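Inspection log for the structure reproduced underneath, given as structure tokens.
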Amino acid sequence: MMSDMKRFFPTCFLCLAASGLSAQNTLVLTAGQNACRPGHTIVKRQVVYQDPGMSGRDLVWDFRHLQSIDEEYTLRYFAPDTTDRLCGLEHRTRYYYALRGDTLWATGFENPTTRMSYVTPEPRLAFPFTYGDTLRGPFCGVGEYSHRMPLTARGHTRTEADAEGELLLPDLTVPNALRVHSQRCYTQPAAGDTTRRDSMLMRFDTYCWYAPEARYPVFESVRTSVLHGGTDTTVFATSFYYPPDEQRRQLQRDTETAEEERSEVSPSGEAEGAEVFTEADLVPNPVTDVLRIKYRLTRDAHIGFSVHSQQGLCMARTDARPETAGRHETPIDMTACPTGTYTLYVLVDDMVLSLNVVKM
């Protein structure tokens with residue numbers, strides 16, 4: 001995911017066109033099966049760029065002979081705070097996203113030299129998504145370079161499930177792969193030019209091939225180019241390979257690690273904790289966006305909360321903080337959490353309580 005990306009802007013133009021096609025073997029991407037998740041670490045292979053070829057149906061892509069560049073290219077997803085943000089970390093850059101409703105939005109990015117926040121977020125992918133579907137919209141970001149030079153980026157993005165067919169990879173064949181092509185274009189004015197007459201058009205093309213039962217793309221081709229003075233110049237191009245079997249093994253290890261971390265704070269001493277943390281009320285439950293935790297403390301204590309999925313992944317949390325005896329209320333934003341049942345852990349000093357929360 002090569003991208004530039006703060007807050008959700010509700011008036012952002014968005015167009016999702018359904019194709020109406022329903023071929024029996026057509027792959028459908030869903031939030032439950034294909035949305036990125038905090039706690040996942042992706043270790044994929046970077047290889048020499050493979051041309052994505054044409055769009056259409058019943059195609060064959062032969063990527064069996066790949067030349068390796070980096071055998072362990074790492075991308076890690078995590079929740080950076082208790083908001084609805086999701087962060088993807090790769091190559092010392094943090095890319096921020098938010099899953100709102102059925103759409104994944106890019107909201108900003110930062111690295112040691114550059115920071116960008118999207119005042120108009122960029123629509124990245126909608127769910128469900130299948131062959132012929134198209135998602136498009138504008139984006140606008142403001143930021144700074146080297147903590148002193150202001151930056152502005154504006155443009156538009158278009159994502160289309162534009163091809164399906166047989167994908168041939170070094171150690172497997174995917175008979176019904178779905179390809180999603182995202183094209184991001186933005187204008188970067190030349191230094192000192194306020195008229196945009198000397199602007200360069202930057203274009204980012206990302207092609208992702210998805211396979212059944214694989215959460216993340218099994219193959220990607222990424223190309224960055226500059227359009228200036230009628231010339232299209234490639235400045236960067238590469239591809240990535242992430243086999244389904246490796247995905248399953250990696251995500252299983254992530255789940256086991258999360259379970260081990262959760263066991264370290266497993267509900268123990270609940271009776272003692274319940275004597276301090278009393279009259280708990282989760283409003284509303286089921287919850288659609290913000291969960292409000294109302295409670296009374298019988299004495300002063302350090303209180304913290306964390307929300308975990310059934311797979312043990314931490315979806316939201318608050319830092320433990322000192323609170324006085326009496327009544328309190330703490331909000332937890334669960335907007336980005338998919339529908340399902342979650343465990344709310346309550347840290348009371350060195351004790352842990354657990355409650356169930358249902359997300360609609």
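For reference, positions follow the sequence shown, starting with 1. Computed from a predicted structure; not experimentally measured.
- No close placement of the H308 and Y342 rings is indicated, their centers lying 6.0 Å or farther apart.
- With values rounded to the nearest 0.5 angstrom, D245 atom CG is found 7.0 Å from L172 atom CG.
- Note that OG1 of T152 and CD of E144 are 11.5 Å apart. Values are rounded to the nearest 0.5 Å.
- Ionic pairing of R327 and D281 is not present here: no N-O contact between side-chain nitrogen and carboxylate oxygen is shorter than 4.0 angstrom.
- Considering only residues two or more places apart in sequence or on other chains, H181 meets the ring pair (Phe, Tyr, Trp, His ring centres under 6.0 Å) condition with Y207.
- In summary, the side chains of T238 and Q46 do present a donor paired with an acceptor at a separation below 3.5 Å, with no hydrogens or angles considered.
- Of all non-hydrogen atoms in Q183 and D205, the two that sit nearest each other are NE2-OD1, 2.9 Å.
- Using a distance-only test at 3.5 Å, with no hydrogens or angles considered, no donor-acceptor pair links the side chain of S221 to the main chain of P52.
- Using cut-offs of 30° and 60° on the angle between ring planes, the pair Y241 and F219 is tilted.
- Atom-to-atom distance recorded for L353:CG and L347:CG is 9.0 Å, nearest 0.5 angstrom.
- Of the N and O atoms on the side chains of R57 and T26, at least one donor lies less than 3.5 Å from an acceptor on the other residue.
- Electrostatic pairing of R248 and E246 does not count as a salt bridge here, judged by no charged N lying under 4.0 Å from a carboxylate O.
- Take T41 and apply the side-chain contact (heavy atoms from CB on, under 4.5 Å) test, not counting sequence neighbours, and it matches V43, T74, R76, Q250, D254.
- Counting heavy atoms of neighbouring residues, nucleotides and ligands inside a 6.0 Å radius, atom CD of E279 exceeds 12 of them.
- Every salt bridge (Lys or Arg N to Asp or Glu O under 4.0 Å) that D62 has, sequence neighbours left out, goes to R64.
- Remark: the T30 side chain and the Q33 side chain contain no N/O donor-acceptor pair separated by less than 3.5 Å.
- Residues meeting the ring pair (Phe, Tyr, Trp, His ring centres under 6.0 Å) test with H328, sequence neighbours left out: Y295.
- No close placement of the W105 and F139 rings is indicated, their centers lying 6.0 Å or farther apart.
- Remark: E164 does not engage R179 in a salt bridge, criterion side-chain N to carboxylate O under 4.0 Å.
- Rounding to the nearest 0.5 Å gives a distance of 7.0 Å between OG of S182 and CG of L125.
- Between the side chains of T343 and S354, no donor-acceptor pair is found at a separation under 3.5 Å.
- Ring pair Y77/Y216 is parallel by interplanar angle, where below 30° counts as parallel and above 60° as perpendicular.
- Crowding of R321 atom CZ: a count of heavy atoms from other residues, nucleotides or ligands under 6.0 Å exceeding 12.
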Worksheet item: Hey, mind stepping through T278 and L297 against side chain to side chain contact (heavy atoms under 4.5 Å, CB included) and telling me if it holds?
Response: CA-CA 6 Å; T278 66; L297 299 180; over 6 Å; no

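- Salt-bridge annotation for E110 and R115: absent, with no side-chain N of the basic residue lying under 4.0 Å from a carboxylate O of the acidic one.
- For the atom pair CD1 of I332 and CG of L344, the computed distance is 7.0 Å after rounding to the nearest 0.5 Å.
- Heavy-atom neighbours of D171 CG from other residues, nucleotides or ligands within 6.0 Å: above the threshold of 12.
- Of the charged side-chain nitrogens involved, none lies within less than 4.0 Å of a carboxylate oxygen, so that D70 and R45 do not count as a salt-bridged pair.
- Annotation: the span from Y345 atom OH to L355 atom CG amounts to 10.5 Å, rounded to 0.5 Å.
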Fill in: Steps toward side chain to side chain donor-acceptor pair (under 3.5 Å) verdict (Y73, E90)
CA-CA 8 Å; Y73 185 96; E90 59 178 318; 2.6 Å; yes

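- Judged as a salt bridge (Lys or Arg N to Asp or Glu O under 4.0 Å), the pairs with a partner in residues 284-294 (not counting sequence neighbours) are, in order, R292-E329.
- Taking D232 as the reference, R203, R223, S225, L227 meet the side-chain contact (heavy atoms from CB on, under 4.5 Å) condition, with sequence neighbours excluded.
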